[in-house]
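Okay, so here's the structure we're looking at.
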Amino acid sequence: MTSSDSLFEFGRQQRSAAVAPLAERMRPRSFDQFVGQEHILAPDRVLRRSMAADRLPSFILWGPPGSGKTTLARLVATVTEAHFEPVSAVTSGVADLRRIVAEAGERQGMYQRRTILFVDEIHRFNKAQQDVILPHVEDGTVTFIGATTENPSFEVNAPLLSRCRVFTLNSLTEEQVGSIVDGAMVDSDRGLGGLRLTLESEARAHLVNIANGDARVALNALETAAYAIGSQDSGDGLITVDIISDALQRRSPLYDKAGEGHYDTISAFIKSVRGSSPDGALYWLARMLESGEDPLFIARRLVILASEDIGLAEPQALPVAVAAQQAVHFLGMPEGRIPLAEATVYLATAPKSNTAYMALERALDDVRKMPNDPVPLHLRNAVTGMMRAMDYGKGYQYAHDHPGHFVEQEYLPESVRDARYYFPSVEGKEKEIEERLRTWWAVDGQDQADRA
């Protein structure tokens, strides 16, 4: 590259930096400027020691948006002697990966210089694209660094994942986001210091809170607010709560309907209903609705909860859940949130029993493990003369012909004649079932309570 080319490239980079978003301009340039993640970046931690020795392992940075994954990967590039090749899984493909790997092999063979391949948003690469990387990580042609907001256990191929360390980044605390915001306000070189603005204390607190641990969200909203008033001719500008609220509009939810946030939140919702906490269940319901979760997905979970966790302790739970699903389908949103809330509270406060579900599991276990004996003759349906001649239905006793509409007879095949699957609890309506079974079959009620 000639000197004139170098000057041209320097000028291009300067112009690019001038128009870059504030969050990009304020990226830390050293580890001393990096805020947060002390649990992996402290001097005595393995990552810092590996960087100091210039012997980085392949690793994946997993954390929520705005926690510093890309920044950390770029900082690694400043302290290693290896060549750094960054790509985005959003804009790059197999051809780019193969070119980088080929150049890395040449660099290694000719100059004995290692190559770090950084793939941002690795979860957006499909299996075939991830497979391109695998053999070259395995033979040391490249050191791989991936960044992802999604759980690597689900989004990264097992063979590639097994060759990487996973470093988990945490959401930034409000204090840490506040520190980043304060730095941007006073930095005249890369930040907003030259605009002579003041960030009202209430506005700062609102910005830090609403950013939800995402430094990028906080800086982008701050920049929008700053330039909205920075061009005024009245001199110093005051960034107020109203301006920040207008710039940010709403909290940034840590939720992805196709990712781990989806599964973690619905898990918390289910466990809150099962645990009879209406407040917990309503909170997680609100989190899902605010994040744009499909309300019919939530309704389906309520139907499952009614069957699995409440069951016959409150037989009305299932009709209530199904009615909520139909109401959501009929009404749509936002009104559909009301029957969802009603069903959520009903199920959370209902008596709980999973005995019907567990009874089916025990029966399925016997079906899979025991011989599948023929249906006993007395239980078969004799619809033809030949069947009657073969004793189909012979000896069957019609329950309605007997007092109390009950008669004791065998209903199981020989291989499981003595099996018992259903052990009713003594919760809610199921207490009545337990009493009826004890009367009909002379079942030991205490034994049923122990098994329930």
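Given the structure is predicted, the values throughout are model-derived calculations rather than measurements.
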- Query: Counting only heavy atoms not in His329, do more than 12 fall under 6.0 Å of its NE2?
  - Reply: no
- Taking 4.0 angstrom as the limit, do Arg27 and Glu24 come out as a salt bridge? yes
- Message: The criterion is side chain to side chain contact (heavy atoms under 4.5 Å, CB included); which residues satisfy it with Phe34, sequence neighbours excluded?
- Response: Pro28, Gln37, Leu41, Thr71, Leu72, Leu75
- Task: Would you check if Ile239 and Glu200 make a side-chain contact, meaning some heavy-atom pair closer than 4.5 Å?
- Result: no
- Straight-line distance of Glu150 CD to Ile122 CD1, nearest 0.5 Å: 12.5 Å
- Message: Run the ring-ring contact (aromatic ring centres under 6.0 Å, His included) test against Phe59 and tell me which residues pass, sequence neighbours left out.
- Response: Phe167
- Item | Partners passing side-chain hydrogen bond (donor to acceptor under 3.5 Å, both in side chains) against Ser153 (at least two apart in sequence or in another chain) | Asn151
- Item | Validation row: Leu222, Met185 side chains within 4.5 angstrom (heavy atoms) | yes
- Could you tell me whether the side chain of Ile270 reaches within less than 4.5 Å of the side chain of Leu305, counting heavy atoms only? yes
- Under 3.5 Å, is there a donor-acceptor pair between the side chain of Gln130 and the main chain of Lys127? no
- Between Gln112 and Gly109, is there a donor-acceptor pair closer than 3.5 Å when you use the side chain of the first and the backbone of the second? yes
- Message: List the residues meeting side chain to side chain contact (heavy atoms under 4.5 Å, CB included) with Ala299, not counting sequence neighbours, and say none if there are none.
- Response: Gln325, Leu340
- Salt bridge Lys352-Glu427, side-chain N to carboxylate O under 4.0 Å: no
- Scan for salt bridge (charged side-chain N to carboxylate O under 4.0 Å, His left out) pairs involving residues 115-124, sequence neighbours excluded, and state none if there are none. Glu121-Arg124
- Under 3.5 Å, side chain of Lys69 to main-chain N/O of Pro64, donor-acceptor pair present? yes
- Item | Over all atoms of both residues, closest heavy-atom pair of Ala211 and Val217 | CA-CG1, 4.1 Å
- Would you kindly check if the NZ (Lys) or CZ (Arg) of Arg48 is within the cone defined by 45 degrees around the ring axis of Phe31 and under 6.0 Å from the six-membered ring centre? yes
- Query: Would you say Ser307's side chain and Val303's backbone share a donor-acceptor pair under 3.5 angstrom?
  - Reply: yes
- Query: Looking at CZ of Arg190 and CE of Met26, how far apart are the two atoms once the value is rounded to the nearest 0.5 Å?
  - Reply: 5.0 Å
- Message: List the residues meeting side-chain hydrogen bond (donor to acceptor under 3.5 Å, both in side chains) with His136, not counting sequence neighbours, and say none if there are none.
- Response: none
- Message: Restricting to side-chain hydrogen bond (donor to acceptor under 3.5 Å, both in side chains), what partner residues turn up for Thr349, sequence neighbours left out?
- Response: none
- Task: For the residue pair Ser245 and His206, establish whether any side-chain heavy-atom pair is separated by less than 4.5 Å.
- Result: yes
- Got a sec, which residues hit side chain to side chain contact (heavy atoms under 4.5 Å, CB included) with Ser272, two or more places apart in sequence or on another chain? Ala281, Trp284
- Closest non-hydrogen contact found for Ser67 with Gly63 is OG-C, 3.9 Å
- Message: Any side-chain to backbone donor/acceptor pair from Ser50 onto Val46? Under 3.5 Å, distance only.
- Response: yes
- Can you tell me how far OG1 of Thr149 sits from CG of Leu61, rounded to the nearest 0.5 angstrom? 12.5 Å
- Does Thr173 offer a backbone N or O that forms a donor-acceptor pair with the side chain of Gln176 under 3.5 Å? yes
- Item | Minimum heavy-atom distance Gly178-Val208, with the two atoms named | CA-CG2, 3.7 Å
- Task: Using modelled atom types only, decide if a donor and an acceptor are shared between the side chain of Arg163 and the backbone of Pro159 within a distance under 3.5 Å.
- Result: yes
Donor-acceptor contacts under 3.5 Å from residues 97-105 side chains, at least two apart:
unit_1, atom_1, unit_2, atom_2, d
Arg99, NH1, Glu103, OE1, 3.4

- Spatial distance of atom CG (Leu289) from atom CZ (Arg287) [nearest 0.5 Å]: 12.0 Å
- Message: Suppose we screen for side-chain hydrogen bond (donor to acceptor under 3.5 Å, both in side chains). Which residues come up paired with Tyr357, at least two apart in sequence or across chains?
- Response: none
- For Gln316 and Tyr346, run side chain to side chain contact (heavy atoms under 4.5 Å, CB included): C-alpha distance rounded to whole Å, both residues' side-chain angles, the deciding distance at 0.1 Å, then the answer. CA-CA 10 Å; Gln316 285 301 308; Tyr346 189 95; 3.4 Å; yes
- Arg300 and Asp294, any side-chain heavy atoms less than 4.5 Å apart: yes
- His83 NE2 to Thr115 OG1 distance, which is reported to the nearest 0.5 Å: 6.0 Å
- Query: Looking at Arg337 and Glu342, does any basic side-chain N land under 4.0 Å from a carboxylate oxygen?
  - Reply: no
- Item | N-O pairing of Arg438 and Glu434 below 4.0 Å | yes
- Lys/Arg N to Asp/Glu carboxylate O, Lys369 vs Asp365, below 4.0 Å: yes
- Item | Partner set under side chain to side chain contact (heavy atoms under 4.5 Å, CB included) for Ser30, not counting sequence neighbours | Asp32, Gln33
- Item | Short side-chain to backbone donor-acceptor contact, Ser58 and Phe144, under 3.5 Å | yes
- Query: Do any pairs count as a salt bridge (charged side-chain N to carboxylate O under 4.0 Å, His left out) and have a residue in residues 85-96, sequence neighbours left out, and if so which ones?
  - Reply: none
- Residue pair Asp309 / Arg274: nearest heavy atoms and the distance that separates them: OD1-NE, 2.8 Å
- Message: Is it the case that over 12 heavy atoms from other parts of the model lie below 6.0 angstrom from the NZ atom of Lys431?
- Response: yes
- Item | Beyond-backbone contact of Ile60 with Thr148, side-chain heavy atoms, under 4.5 angstrom | yes
- What one should report as the nearest heavy-atom pair of Ile433 and Pro424 is CG2-CB, 4.4 Å
- Query: If you round to the nearest 0.5 Å, how far is CG of Asn170 from OG1 of Thr168?
  - Reply: 7.5 Å
- Message: Quick one about Asp279 and Ser277 (side-chain donor to acceptor, distance below 3.5 Å, no hydrogens or angles considered), yes or no?
- Response: no
- Query: Is the shortest heavy-atom distance from the side chain of Thr143 to the side chain of Pro57 under 4.5 Å?
  - Reply: no
- Message: Is the shortest side-chain heavy-atom distance between Tyr422 and Leu360 below 4.5 Å?
- Response: no
- Is any side-chain N of the basic residue among Asp187 and Arg25 closer than 4.0 Å to the acidic one's carboxylate O? no
